[in-house]
Amino acid sequence: MKWSQTLIPTLREAPADAEILSHKLLLRAGLARKLAGGVYTFLPMGLRALRKVEQIVREEMDRAGALEVLMPALQPSDIWRQSGRYETAADVLFKIKDSGDREWVLSATAEEVITTLTAGEINSYRQLPKNFYQISVKFRDEIRPRFGLMRAREFIMKDAYSFDTDDEAAQKTYQKMYDAYARIFARCGLKALAVEADTGVIGGKFSHEFMVPAETGENEVVFCEKCGYAANLEKAVSAAATAAGKAGAAIDKFATPGVATIAALARPPFNVPAEQQIKTLVYIANDKPIIILMRGDDQLNEAKLAGKIGSTVFRAATAGEIFAALGAHPGSLGAVKGTARGAFAGAVLADERLRGAAGMTTGANEDGFHLRNVSMERDVAVSQWADLRTVKAGEPCKNCGAAVQIRRAIEVGHVFKLGVKYSEKFNALYLDEAGNRKLAVMGCYGIGVTRTLQAVIEHCNDKDGIIWPISVAPYEVCITPLEVDAGSEVMKTAEALHAGLLERGVDVILDDRDERPGVKFKDTDLVGFPIRAAIGGKSLARGEVEIKPRGGAMQTAKTGAALETIVQLVKSRAQG
RNA sequence: CGGAGCGUAGCUCAGCCUGGCUAGAGCACUUGCUUUGGGAGCAAGACGUCGCAGGUUCAAAUCCUGUCGCUCCGACCA
């Protein structure tokens, strides 16, 4: 390929709407352009890199025995109703109507489609296991698309769905996918960490996310360096000590005028440490208020709450709703028996960390008053205990007791063990050896292909631009002649090298633009080609070509040996 | 969905507060000349419904209202 014939619209300055580095580089290097919020066009360089990521994914999925298929992006809404996700995933589904007013859902994922398919096509244990995958465009009506390809409304995902005869076989498939994922991300030049994860709206038994550590990541990962425990903050648990306190004393109501926060009560003149306070949260779930009790210094983890109540459809109550339920305003709320002066009749969920706590202080459900010497066992009618708190850095690891750390990360892949959730809904049954009808056991496995691409950029760059791992680079080699007059020795040498590399199967681009050397070097660095071969009058006079790995040291090769040197360099980098 | 900010040339932005001649700069683009090893110089040129709609005014990029779009923060801590 000749540079002048493709389109690589590099930008000296980043567009103002790009915030994070990888997003800026995506635009500056001319890889993609935004059409609308969270919707991008891939330009030639971006598409080439994307295709290489896809190819790595494809090779590893094939190697793991998965079968590539292609499912429709346009899905009848009926199947989403059948799975129940028409409601539970309503906020992320794009819905459209055809001219006959029939409603369709744009594919956000494909459990419904694949399970419908297998229900019809798979009838016997002899046909199992099967694992189907596709690499296709997905649509999600993100509340807030951001950071370029990181969180987009339309993106490319590899999604796979496995069907096994039983749990044990499904576990093996899960492990196979887990291993394939580790290879995929390693081949893309990423250090991805597998962490325990929340199953979210997809549901299922358990799951792991593959996370690439990055300051700009949208997820937080709790991990223990000592024993290797790693989990998404939404799921993580620690061995944090339970609440303590002296029991026995009778409840004492005291005036706290103007005190409306945990912090205010912790200050003089009250001096009640946050860990001796009970925080009372009011949520509306299924249109009814529920109370959630946390230790004062703990934070509610909404993902855990969602898991506990089995729905993501809940929200914090408004001040008005709270007053109606408890007869007091935020700041003086509590759950001590008999104190609610409103119409509250809902559930009281308490965080496990409060179990057995005594000598606690909490709101009196009367504005300007709190209660002290509160004992959870004696004074509070808890309807359900649950782990609802968010782990904090430095708490002891639940496995080994060492202090856990928290880092931000980008989620590039997610593997789920689904069980029979969808098999049941869609009657994905097979006959076993004994002729019994059984439900296929499913797993599902996703990789955000476009997000992975941007994660590579976020991970591999310097002040001059992108530094592509050779495995996903748009071109492996860029030849940079410093004179481009047809027939000049420099250009003839460059063209010969270009032709030779093409013949040897190297992905190569020839920068034949009549630009000054500085412009060419800057652009080549910005786009991030792994190897640059520069040919100028000076080097050619010495009979040499200058070969410079991006981000590495320059070396020279005699013109006659340049081809072989570059081929070897490409090979060694591809293996490394 | 709540809050904040921003929409002026392909990109980065100035001008707006305090309304007033023909709406500007840098980069990019076109042409010519000079230059040519890390984003060159000179000259000439082209490029704008100032997001859109309405209003106020003798006069609106500028003030007001609405609307659309984009970005960021939040959407637990009572």
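- Sorted by first and then second residue, the side chain to side chain donor-acceptor pair (under 3.5 Å) pairs involving residues 321-330 of chain A (not counting sequence neighbours) are A/Arg315-A/Glu321, A/Thr318-A/Glu321, A/His329-A/Asp367.
- Counting any heavy atom pair closer than 4.0 Å across all strands shown, A/Asp523 reaches a base atom.
- A/Gly536 comes within 4.0 angstrom of a nucleotide base, judged by non-hydrogen atoms across all strands.
- No contact: A/Thr390 has no heavy atom under 4.0 Å from any strand.
- Nucleic acid contact for A/Leu526: base, since at least one base atom lies under 4.0 Å from a heavy atom of the residue.
- By the salt bridge (charged side-chain N to carboxylate O under 4.0 Å, His left out) test, A/Asp464 is found to be paired with no residue, residues two or more places apart in sequence or in another chain being considered.
- With no hydrogens or angles considered, a side-chain donor-acceptor pair links A/His414 and A/Ser207 at under 3.5 Å.
- Applying the salt bridge (Lys or Arg N to Asp or Glu O under 4.0 Å) test to residues at least two apart or on different chains, the pairs with a partner in residues 6-28 of chain A are A/Asp17-A/Lys34.
- Tested against A/Ile466, the residues A/Leu26, A/Val527, A/Leu31, A/Leu526 include a single side-chain contact (heavy atoms from CB on, under 4.5 Å) partner, A/Leu31.
- Applying the ring pair (Phe, Tyr, Trp, His ring centres under 6.0 Å) definition to pairs two or more places apart or across chains, none involves residues 530-558 of chain A.
- Between the side chain of A/Arg513 and the base of B/rG39, no donor-acceptor pair of N or O atoms lies under 3.5 Å.
- Counting non-hydrogen atoms under 4.0 angstrom, A/Leu333 reaches a base of the nucleic acid.
- Of the side-chain N and O atoms in A/Arg516, one or more sit less than 4.0 angstrom from OP1 or OP2 of B/rA40.
- Only A/Leu482, listed by number, bring a heavy atom of residues 476-485 of chain A to less than 4.0 angstrom from any atom of RNA chain B.
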- line: B/S/- along nucleotides 2-15 of chain B (protein heavy atoms under 4.0 Å) is ---------SSS--

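- Contact of A/Asp464 with B/rG38 (side chain to base): no donor-acceptor pair of N or O atoms is detected under 3.5 Å.
- Within 4.0 Å of A/Phe147, counting heavy atoms only, lie sugar-phosphate atoms of the nucleic acid but no base atom.
- Base pairing annotation: B/rC42 forms a Watson-Crick or G-U wobble pair with B/rG32, both donor-acceptor distances under 3.5 Å.
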